[in-house]
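Note that the coordinates shown come from a computational prediction; the quantities given were computed from them, not determined experimentally. Computed over heavy atoms, backbone and side chain alike; hydrogens, waters and symmetry mates excluded. First listed ligand is number 1; within each ligand, the first listed atom is number 1.
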Amino acid sequence: MKKTTLRSYAKLLARVGVNVKKGDEVIVVAELDQPEFVEMVVRECYRAGAARVRVEWTHQALEKIDVTYRSLKNLSTVEEVDRAKWQHRVDKLPAMLYLISEDPDGLAGMNQEKNAKAAQARYGVIKPYREAMENKYKWCIAAVAGKAWAKKMFPNDRASVAMEKLWDAILYTVRMTKSLGGEVQDGIEAWNAHNADMTARCEYLNSLDIVSLEYHASNGTDLTVGMIENGLFCGAIEQTLGGEYFNPNMPTEEVFATPKRGVAEGIVYSSKPLSYRGEIIDGFSVRFHEGKAVEVHAEKNEALLRQMIEMDEGAAYLGECALVPFHSPISQSGLTFYETLFDENASCHLALGAGYTNTVKDYDKYTLEELHAMGINDSMNHVDFMIGTEDLSVTAITKDGRRIPLFKDGDWAF
Ligand code: ZN
Ligand code: ZN
């Protein structure tokens, strides 16, 4: 991919993604295979005014080695040095830029049970730090082409060709180019327009006073999900409690809300494979009763799916309902990315696990406990899974009993 294009993309992530302002601290989390792009993005953060940019490198192979050789007890420990890092984040609220380039299946074969147990134990220590930072810092998840990921998406191409194709797909879906592999455009301008359009859709939905959503599709999906009173639909651009804007997901095509914990009835079928903890779960269904996932089946990796909903008490409850037109640009590309950041934007989806505490009117006036009591689910997990199909219909039931079609044949009905 052309360096000038990549530099513009790095600038887009710094200026629109985490929206760096003068004096900000930024932490870039990236996989070890991306030195060149990370250099670009760090430079762009400084150009936008950052006072300090740190990079935290990750490497899937090392994660596997860690889980293999460390004892469960050792793996479960959060040491003083790690706690100091978390405290630093609480004190300084650095903007977080997560760059994804990993192999979506790169942790296959790892001892997932041991890893999950250790993550559960560590979460007990980390949770108060996370809660102290919630809704206070800017963050963005975006993608960079990685070799193993490209080969998974384009198995019949040479590595270099596959990489170029993946870059084309990333840059198109993130609005840096006008079409797949096409002309480069002003990404910042394109995002301003996109953010305005998504905001308008949310405003309409928020005017309806929706109490529940009904999902129907010919694959068997037949599900009713209750919504939180005074809940808000959000999309694309978000704001911190301090009033700073950021775009948490790039790309993004979804308008989402947090469902009410304890109110979901029926069954839903997945429409795309799910990459969870570095492994693929595929061909699955989830049946809900009183809001809880009470029965799951999967053609591939059913045990991992079951483990997923048993991570903690909240992992079996819903935390997100997202509406994405079946004919979104990502869906139109016809590609499966095996990566939630993209695949969730090709399809209506639900998430099992934590809800978003900022999807309630005047959320800043409530404590976290009050927000959870209103029905925003709490969990260490938040896993999106795709349910959108070409014939999916979604109907909103409003407080005054009206039935308003939101989705018809997989696309917006308004
Ligand atoms: Zn989502
Ligand atoms: Zn989600």
Exercise. Report yes or no: do His372 and Glu370 form a side-chain donor-acceptor pair below 3.5 Å?
Key: no
Self-check item: Metal-centred angle, NE2 of His382 through the Zn ion (ligand 2) to OE1 of Glu320, rounded to 10 degrees
Solution: 90°
Self-check item: Derivation of the side chain to side chain contact (heavy atoms under 4.5 Å, CB included) call for Val383 and Leu274
Solution: CA-CA 9 Å; Val383 187; Leu274 164 66; 3.8 Å; yes
Quiz item: For the Zn ion (ligand 2), does an N/O/S atom of Glu344 lie at less than 2.8 Å?
Solution: no
Practice problem: Hey, can you tell me if Trp139 and Phe246 have their rings parallel, tilted or perpendicular (30° and 60° cut-offs)? | Solution: tilted
Quiz item: So does Lys127 pair up with Asp378, basic N to acidic O under 4.0 Å?
Solution: yes
Quiz item: In Glu254, what N, O or S atom is nearest to the Zn ion (ligand 1), if we give its atom name?
Solution: OE1
